[in-house]
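First up is the structure itself, then whatever we jot down about it.
Note on naming: letters A, B, ... go to the chains in the order of the sequence lines (proteins, then strands), and numbering restarts at 1 for each one. Heavy atoms only: backbone and side chains are in, while hydrogens, waters and symmetry mates are out.
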Amino acid sequence: MPELPEVETVRRGLQPFMEGATVLAVEQRRPDLRFPFPDRFVERLTGRRIEALERRAKYLIVHLDDGLGLISHLGMSGSYRIEQDDGDQVPGTFQHERSKNAVHDHVVMHLGAKDGAKNRIIYNDPRRFGFMLFAEPGGLNMHPLIKDLGTEPTGNRLDGALLAKLFHNKGAPLKAALLDQKLIAGLGNIYVCEALWRAELSPRRMAGTIAGENGAATGMSERLAASIRSVIADAIKAGGSSLKDYRQADGELGYFQHSFSVYDREGAPCPRSGCGGTISRIVQSGRSTFYCPVCQH
DNA sequence: CGATCCACCTGTCGGC
DNA sequence: TGCCGACAGGTGGATC
């Protein structure tokens with residue numbers, strides 16, 4: 001589930017329950033996820049007030065009132081849900097079929113809101129590729145996992161000129177370059193496939209070939225930058241609009257998957273008007289790539 | 001240094 | 001119904 005738009009959707013769902021709340025208690029139910037939990041994980045969180053919940057690339061960062069940062073990554077299968085004191089799931093937060101998956105509830109944070117309401121924020125992660133680490137006060141931007149992250153594809157900082165500069169002289173295929181978090185931060189397998197389709201660029205094209213002389217912007221780099229921004233913006237918008245009835249939908253996967261043009265659509269007709277191609281699946285650096293060999297060059 | 005591969009886990013699905 | 005292999009939204013670390 002979690003590429004940038006999903007993480008942003010999670011952040012927006014959690015934010016109203018977390019910001020300003022006090023951590024009353026923490027249950028840490030196993031010693032590790034992908035990495036061991038930090039020393040004194042429970043003790044250092046308990047009693048703290050949460051000042052802000054931030055997203056950077058695919059990381060969530062909980063800012064605590066003593067300056068400590070809790071860095072949380074969802075890996076491949078991590079999710080958060082919120083339960084109120086009465087045990088009801090709060091609408092608009094990610095969820096699983098609770099009883100079946102409770103064995104994978106690895107962390108429970110008991111929060112007290114300013115108005116006295118109590119909620120539980122529950123981290124569930126069957127595959128345990130996710131993790132939680134601390135960034136010491138003032139050290140977030142020097143943290144090894146954070147410091148080398150590239151440009152966010154949200155807003156308008158990512159444009160054709162920047163993309164051309166980043167990819168200039170890169171021999172890797174576009175697919176690999178777009179997945180490189182040091183260049184652009186937050187894209188994953190799905191949205192890279194989707195962005196390349198929107199830009200009519202082949203995932204196999206060498207990244208450097210979309211840049212002009214000396215790394216200048218080109219029509220291709222402009223097109224790709226615009227496609228990345230639009231696919232991310234659309235997905236965030238879909239995540240947000242799905243939140244209000246997420247519970248009723250009873251779904252984990254949810255929303256934007258219905259808008260996929262190429263991802264997981266091998267054999268389907270290319271949705272581009274007049275193209276007539278068929279979506280292919282290939283493997284690049286060990287991961288599936290979906291694209292249309294007719295209209296993507 | 002950069003580029004490539006593997007490992008880390010569990011769950012699900014399709015084929016036999 | 002069961003068994004087995006392939007595959008899944010990510011990325012740190014080893015290796016070349």
Side-chain angles (χ1 to χ4, degrees), chain A residues 1-11 29-38 55-60 71-80 94 96-106 123-133 143-150 153 166-196 203-204 206-208 231-232 234-236 238-239 242 251-267 281-290:
Chain A
M1 185 170 303
E3 297 183 35
L4 185 157
E6 289 73 24
V7 178
E8 177 61 20
T9 301
V10 170
R11 190 193 69 78
R29 297 183 174 169
R30 50 175 302 125
D32 54 37
L33 294 171
R34 175 170 180 182
F35 305 122
F37 282 92
R55 179 193 59 74
R56 180 80 172 93
K58 301 171 194 170
Y59 295 93
L60 287 170
I71 301 174
S72 166
H73 195 290
L74 301 174
M76 294 275 266
S77 60
S79 66
Y80 283 97
F94 282 79
H96 300 275
E97 296 162 62
R98 232 181 322 184
S99 49
K100 221 167 69 178
N101 272 338
V103 65
H104 299 302
D105 289 346
H106 304 308
Y123 179 70
N124 181 291
D125 188 356
R127 290 179 76 179
R128 305 202 301 272
F129 287 173
F131 52 84
M132 294 187 192
L133 297 172
H143 192 282
L145 297 179
I146 302 293
K147 66 178 168 54
D148 294 323
L149 289 173
L166 290 172
F167 285 7
H168 181 51
N169 285 337
K170 281 261 182 298
L174 280 175
K175 173 74 187 298
L178 290 169
L179 284 173
D180 186 343
Q181 303 295 300
K182 294 194 288 298
L183 301 175
I184 303 167
L187 300 183
N189 207 33
I190 292 176
Y191 297 114
V192 165
C193 292
E194 295 296 315
L196 286 167
R204 312 164 71 155
M206 294 299 109
V231 82
I232 292 296
D234 289 352
I236 290 176
S242 75
E252 26 251 45
L253 278 180
Y255 48 97
F256 194 78
Q257 59 172 335
H258 301 303
S259 309
F260 292 163
S261 297
V262 291
Y263 184 80
D264 203 20
R265 300 198 61 215
E266 182 183 18
R281 172 184 176 272
I282 60 173
V283 174
Q284 293 179 288
S285 31
R287 310 190 63 193
S288 289
T289 297
F290 299 89

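- No donor-acceptor contact under 3.5 Å links the side chain of A:Arg128 to the base of B:dC9.
- Counting all heavy atoms, side chain and backbone alike, A:Lys175 lies closest to A:Arg287 at NZ-O, 4.2 Å.
- Listed nucleotides: C:dC7, B:dC9, C:dG9. Nearest to the side chain of A:Met76: C:dG9.
- For the contact set between residues 173-188 of chain A and DNA chain C, defined by any heavy atom under 4.0 Å, the members are A:Gln181, A:Gly188.
- Of the possible polar contacts, one joining the A:Arg55 side chain to the A:Ala57 backbone as a donor-acceptor pair under 3.5 Å is found.
- Here the closest heavy-atom approach between residue A:Leu187 and residue A:Pro153 is recorded as CD2-CG, 4.1 Å.
- One can place CD of A:Glu6 at 12 Å from P of C:dG9, the figure rounded to the nearest angstrom.
- Residues satisfying the ring-ring contact (aromatic ring centres under 6.0 Å, His included) criterion with A:Phe131, sequence neighbours excluded, are A:Phe35, A:His73.
- We find that CG of A:Asn124 is positioned 11 Å from C1' of B:dT10, with the value rounded to whole Å.
- Rounding to whole angstrom units, CZ of residue A:Arg127 and C1' of C:dG9 are separated by 9 Å.
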Distances under 3.5 Å only, N/O to N/O: pair up the protein atoms with those of nucleotides 12-16 of chain C.
residue, atom, partner, partner atom, Å
C:dG12, OP1, A:Tyr59, OH, 3.0
C:dG12, O4', A:Arg34, NH2, 2.8

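- Rounded to an integer number of Å, the gap from A:Asn189 CG to C:dA8 C1' is 10 Å.
- Taking atom CZ of A:Arg30 as the reference point, atom P of B:dT10 lies 8 Å away to the nearest angstrom.
- Considering only residues two or more places apart in sequence or on other chains, A:Tyr263 meets the ring-ring contact (aromatic ring centres under 6.0 Å, His included) condition with A:Phe260, A:Phe290.
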Once Watson-Crick and G-U wobble pairs under 3.5 Å are found, how is DNA chain B written in dot-bracket notation, 5' to 3', with | for any base paired to another strand? .|||||||.|||||||

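- With sequence neighbours excluded, no residue satisfies salt bridge (charged side-chain N to carboxylate O under 4.0 Å, His left out) with A:Arg281.
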